Structure formats: structure tokens, C-alpha cells
Chemist: 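Handing you this structure, nothing more for now.
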Amino acid sequence: DTEVTQTPKHLVMGMTNKKSLKCEQHMGHRAMYWYKQKAKKPPELMFVYSYEKLSINESVPSRFSPECPNSSLLNLHLHALQPEDSALYLCASSQDRWGEQFFGPGTRLTVL
Amino acid sequence: GEDVEQSLFLSVREGDSSVINCTYTDSSSTYLYWYKQEPGAGLQLLTYIFSNMDMKQDQRLTVLLNKKDKHLSLRIADTQTGDSAIYFCAERGGNKLTFGTGTQLKVEL
């Protein structure tokens, strides 16, 4: 298995909802990432997990809460989001923090 | 962070070569990458080059690196309509990737 999968593909939520994004890889990678991407813009790094520990938080608001339950899974818990949080959320993984990153297809999030 | 610049748009005819350029500023970058993003999709890693190399060829793709000028380019030979996408260069400084602004490639018949 050489891919990163993300669920759901699309998500629409209200500002008072709580939802979660999921990411999974079975390549034995030990680093996993969350990125946020606005239309026609490059991805912006949000979080990095290395060996299931949070190693980078790019000053992301606390309404985004990452979780790495095991080496294959990465979640992003969402609560009290704002309409400006609407974006494509991309997950990536790499062999370690210095390896090339492989991306999932993304979750298109719309906050109403 | 460091800025990585790309031209916004490139239009080519099918069968021609495309050259996408990228200028970076971090001279300590170890690896430089090219990613392709089709509409509504994630990023696909196309190729990468180590900073001590000048050139890398992979089938229709040729990467050129001018480290003195901090200039990276991606040449796509025999460009096809399926190559239409946004192309991002990215530099690795430490353990983070910094992406370029992206170049939208349009391939016309």
C-alpha cells in the first residue's frame, strides 16, 4: 500500500459543530503532517507528528486539535470553526521528518 | 520563513516542451521538490533533486538546479493535456517544506 487516504472527501459544518478529519497510511512512515490549502495557494503547514509525538505546531488556533492514536493514523478534531477556516485540508506522511512527503487527496471543508 | 517564487501561469501547445521556473532564497536547502496538483486533488510528488546535483532526468521530466543563482526549473518534454495542473516547487530547510507560489500550466490543443 503506497498511498495516504483521507476521510471524508467533503465536509460541511456549522460554526457550533464538532467534527473530525481522518488520515491513514500503511507505508510504515513515522512522520505525519496536516496542511491547510486555500484555492490557488500553496499548502500551509499546520502540524507535524514524529513517532506519534507532536513536534511542530505552527501557531494554529486551538479550535484545531490534532491527534495521533498510532503510527498509521492521524486525526484533526474541529470545534467552533469560522467561515474563514473553509479550505482543503491535506494530510501527508514521510519516512521520517527529513524524507520526501506523500500527500493524501485532501478533505474539502466548508464552514457555514 | 523563506520566500519561494514562481511565475503564476504558463500556456503551451500540446507536444511542445514546458519549462516551469522557481527561485528560492534559503541557501541551506538540502532537497528541492516538484509537486503536481490537479483540480480538487492532493499533491503528487513528481521528482526531487539533492542540492549537490545540477541535473536530474526522469522520463519526460528534467530538473535543473543552479545553486549559485538559487534557481530551479522543471522541463516537461512532449507536454500532454494530462499535464495541465498547478505545479509547486518546494525546498527543504531543516525538517520543514516551504512551497513556492505555484504555476498553473495550461496545455492547448
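Note that the structure is a prediction, hence the values are computed from the model and not measured. Chain letters run A, B, ... following the sequence lines, proteins first and then strands; every chain starts at 1.
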Chemist: Side chain, backbone, both or neither: which part of A:Gln6 has an atom under 4.5 Å from a heavy atom of chain B?
Modeler: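 Interface part for A:Gln6: neither.
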
Chemist: Is there a path of hydrophobic side-chain contacts, each under 4.5 Å between heavy atoms, that joins A:Leu54 and A:Tyr51?
Modeler: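 No, it is not one cluster - the side chains of A:Leu54 and A:Tyr51 are not joined through contacts under 4.5 Å.
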
Chemist: Which residues in residues 56-69 of chain B have any heavy atom lying under 4.5 Å from a heavy atom of chain A?
Modeler: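 Not one residue of residues 56-69 of chain B has a heavy atom under 4.5 Å from chain A.
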
Chemist: Quick check: is A:Met46 connected to A:Tyr33 through a chain of hydrophobic side chains (ILVMFWY, heavy atoms under 4.5 Å apart)?
Modeler: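 They do not share one cluster, since no chain of ILVMFWY contacts under 4.5 Å joins A:Tyr33 to A:Met46.
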
Chemist: Apply ring-ring contact (aromatic ring centres under 6.0 Å, His included) to A:Phe47 and list each qualifying residue two or more places apart in sequence or on a separate chain.
Modeler: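 Once residues adjacent in sequence are excluded, A:Phe47 has no partner under the ring-ring contact (aromatic ring centres under 6.0 Å, His included) criterion.
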
Chemist: Between B:Tyr31 and chain A, with a heavy-atom cut-off of 4.5 Å, which part of the residue counts as in contact: side chain, backbone, both or neither?
Modeler: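 No part of B:Tyr31 comes within 4.5 Å of chain A.
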
Chemist: Please say whether more than 12 non-hydrogen atoms of neighbouring residues, nucleotides or ligands are located less than 6.0 Å from CE in B:Met53.
Modeler: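 Yes, CE of B:Met53 has more than 12 neighbouring heavy atoms, counting only those of other groups under 6.0 Å.
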
Chemist: Report the option among A:Gly106, A:Pro105, A:Ser50, A:Ser55 that has the most heavy-atom pairs separated by less than 4.5 Å from atoms of chain B.
Modeler: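 Looking at each option in turn, the highest pair count goes to A:Pro105.
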
Chemist: Relative to chain A, which segment of B:Gln104 carries a heavy atom at a distance below 4.5 Å: side chain, backbone, both, or neither?
Modeler: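 Side chain only.
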
Chemist: Do B:Trp34 and A:Phe103 belong together in a cluster built from hydrophobic side chains that touch within less than 4.5 Å?
Modeler: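 As far as the 4.5 Å side-chain criterion goes, A:Phe103 and B:Trp34 are connected within one cluster.
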
Chemist: According to a 4.5 Å side-chain heavy-atom criterion applied to Ile, Leu, Val, Met, Phe, Trp and Tyr, with indirect links allowed, do B:Tyr33 and A:Phe102 form part of one hydrophobic cluster?
Modeler: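 Yes; A:Phe102 is reachable from B:Tyr33 via cluster members.
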
Chemist: By number, which residues in residues 88-100 of chain A have some heavy atom less than 4.5 Å away from chain B?
Modeler: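 Residues in range: A:Leu88, A:Leu90, A:Arg97, A:Trp98, A:Gly99, A:Glu100.
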
Chemist: Hey, which residues of residues 35-43 of chain B are touching chain A, say heavy atoms under 4.5 Å apart?
Modeler: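 Contacts with chain A: B:Tyr35, B:Gln37, B:Gly40, B:Ala41, B:Gly42, B:Leu43.
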
Chemist: Atom CD of A:Gln37 and atom CZ of B:Phe99: how far apart are they, to the nearest 0.5 Å?
Modeler: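 Those atoms lie 8.5 Å apart.
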
Chemist: Counting heavy-atom pairs under 4.5 Å to chain A, which of B:Ala90, B:Gly100, B:Gly102 comes out on top?
Modeler: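 Sorted descending by pairs with chain A, the first entry is B:Gly100.
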
Chemist: With a sphere of 6.0 Å drawn around NZ of A:Lys38, does it hold more than 12 non-hydrogen atoms of other residues, nucleotides or ligands?
Modeler: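 Result for NZ/A:Lys38: enclosed.
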
Chemist: Hydrophobic cluster membership, with links at side-chain heavy-atom distances under 4.5 Å among I/L/V/M/F/W/Y: are A:Leu11 and A:Tyr35 in one?
Modeler: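 As far as the 4.5 Å side-chain criterion goes, A:Tyr35 and A:Leu11 are not connected within one cluster.
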
Chemist: Does B:Ile86 reach the side chain of A:Lys40, with side-chain heavy atoms less than 4.5 Å apart?
Modeler: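 The answer is yes; the side chains approach within 4.5 Å.
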
